[in-house]
2 protein chains.
Amino acid sequence: MKSYQQYCSVARALDVAGDRWVLLIVRELLAFGPSRYSDLKRGLPGIATNLLAERLKTMEADGLIERFEAPAPVATHVYQLTPRGRELEDVLRALTRWGLSSMPAGPTDADAVQPQWSALLAALTIPADMPAGTEITVGIDTDEAPGEAVHAVLRHDGFEIHRGAAADSDVTLSGPAQLVGGVLSGLLTPTRASRHGLTIRGNRSALAGLLSTTRTRAGATT
Amino acid sequence: MKSYQQYCSVARALDVAGDRWVLLIVRELLAFGPSRYSDLKRGLPGIATNLLAERLKTMEADGLIERFEAPAPVATHVYQLTPRGRELEDVLRALTRWGLSSMPAGPTDADAVQPQWSALLAALTIPADMPAGTEITVGIDTDEAPGEAVHAVLRHDGFEIHRGAAADSDVTLSGPAQLVGGVLSGLLTPTRASRHGLTIRGNRSALAGLLSTTRTRAGATT
DNA sequence: CCGCATCCGGGGCGATACTG
DNA sequence: CAGTATCGCCCCGGATGCGG
């Protein structure tokens, strides 16, 4: 896209990160870490392949991502965020929080749903509130994306998100994406959500601890 | 722009705020508060008039801004942020911080320069660090926009930015936008900046207080 | 003069097809 | 699997017109 040509740090940021799809590519790389082209395409439903390829090139040129030859097992390339790209986490966190208020009651039929988006929601808002040294693994399995569960490992100083279920999850949430996201964002209490169809397996008090104190906001709906 | 059609709060946020110019319009309204069409156009050099009009309409439809009949003196309309629009402040703050690292040494000849952008830089990063009850007024006058000074009133719980110089500024910065921004962002110490051509009038210790403790980062350049 | 609406060229975007 | 190539379309940018 064309530069705004304004000597303003907001405009500069948007010159680099304001193009369509760029921040969503960062979202995927932030969630899963190093990813292959096809992994990114999976996590970005709706993107045209030429656009993804073009964005990856300009993002590399802009220093947001790096392209690597993949290690031994798979003979392909892998994309990952540079430190500079990872610093966009704060931007994504702000957008995540702001976008929460615009989330409709549930996904429409046309809406894609992927569990890592719910996981990232938790990962970007919860860890800061966790006591140092603690760690919790949350399994996430949404009805709309059956068989594509993910699990998030949350630590006070960071997080990881992986595909598949974890053998050692502290707690696992299964149900409609709306309820999973509602609980993880603090908009919905686990009690209310389970009454509406959310299944919570595992250590329920660990979940309560996660969402403790000020995180559970008023204005819980549905 | 077309919706991403993803049930993800980041994608939702970008559906509404991701269109070109939208966040920069928010920037202007956040800086100056209620503004007329022509004021916005002044603060958004490079925007086409039809685009500004169109954006204002969709932003109003999306609940980001409101359109008012102006009060008595001027017979025209005024645009201002809704509470929902003002909540984008966190997004702008994150973008501002991130964009700082991409700021070149100085504006190119093609770059527009406006003093409110430097003022907003300060307003979005400083007030949080100020002790409650304190207030400081900073005058800002950049060489690149002569005769268009602004002043920012900074409080720990908010800020105001107004056009023109203030009679009662605690401190006033005049010089190249690069040095003004460098000091206000903490990238440059006042001492270093004044050695390079920044003029600091008024209560210099008030400025030092503003930028105290952890704000003055290492890696100061030029 | 202010606040837009209209018109028009160019380019970014989106969908599909195709290739190493 | 990882892209490249092609093609409409629509958005963006720049200029101009026009009513209040």
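All chains are named by letter (A, B, ...) in the order of the sequence lines, taking the proteins before the strands, and each is independently numbered beginning at 1.
For the residue pair B:Arg84 / A:Ser102, a side-chain donor-acceptor distance below 3.5 Å is found, with atom types taken as modelled. Between the side chains of A:Glu148 and A:Gln116, no donor-acceptor pair is found at a separation under 3.5 Å. Side-chain contact of A:Ser174 with A:Arg201: a donor-acceptor pair under 3.5 Å is present, judged by distance alone.
For the helix from C:dC1-D:dG20 to C:dG20-D:dC1, the terminal axes (five pairs an end, C1' atoms, rotation from four pairs onto the next four) enclose an angle of 30°, given to 10 degrees.
When rounded to the nearest whole Å, the span between CG of A:Leu52 and P of D:dC1 equals 14 Å. Here the P atom of nucleotide C:dG20 and the NE2 atom of A:His77 are 16 Å apart, to the nearest Å. Atom pair B:Lys41:NZ and C:dC4:P shows a separation of 13 Å (rounding to whole Å applied). Between the CG atom of B:Leu56 and the P atom of C:dC4 there is a distance of 7 Å, given to the nearest Å. Rounded to an integer number of Å, the gap from A:Arg36 CZ to D:dG3 C1' is 14 Å. Taking atom CZ of residue A:Arg42 and atom P of nucleotide D:dA2, one finds them 12 Å apart after rounding to whole Å.
Scanning both residues, B:Asp15 and B:Ser3, for their nearest heavy atoms gives OD2-OG, 3.0 Å. B:Gln80 approaches B:Leu29 most closely through the heavy-atom pair CA-CD2, 4.3 Å.
No side-chain heavy atom of B:Arg42 sits less than 4.5 Å from a side-chain heavy atom of B:Glu28. Side-chain atoms of A:Asp39 and A:Phe32, non-hydrogen and from C-beta on, never get closer than 4.5 Å to each other.
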Going 5' to 3' along nucleotides 10-20 of chain D, which nucleotides have protein heavy atoms under 4.0 Å from the base (write B), which only from the sugar-phosphate (write S), and which from neither (write -)? --SBB------
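In this structure, A:Arg67 reaches the sugar-phosphate backbone alone: every heavy-atom distance under 4.0 Å involves primed, P, OP1 or OP2 atoms, never a base.
For the atom pair CD1 of A:Ile47 and CG of A:Leu52, the computed distance is 4.5 Å after rounding to the nearest 0.5 Å.
A cation-pi arrangement is absent between B:Arg67 and B:Tyr37, since the terminal nitrogen or guanidinium carbon is not both under 6.0 Å from the aromatic centre and inside a 45° cone about the axis.
In this structure, A:Lys57 reaches the D:dT4 phosphate: one of its side-chain N or O atoms is under 4.0 Å from OP1 or OP2. Proximity of A:Ser38 to the phosphate of D:dA2: a side-chain N or O atom is located under 4.0 Å from OP1 or OP2.
Counting only heavy atoms from C-beta on, B:Thr76 has its side chain closest to C:dC2 among C:dC2, D:dG3, C:dC4.
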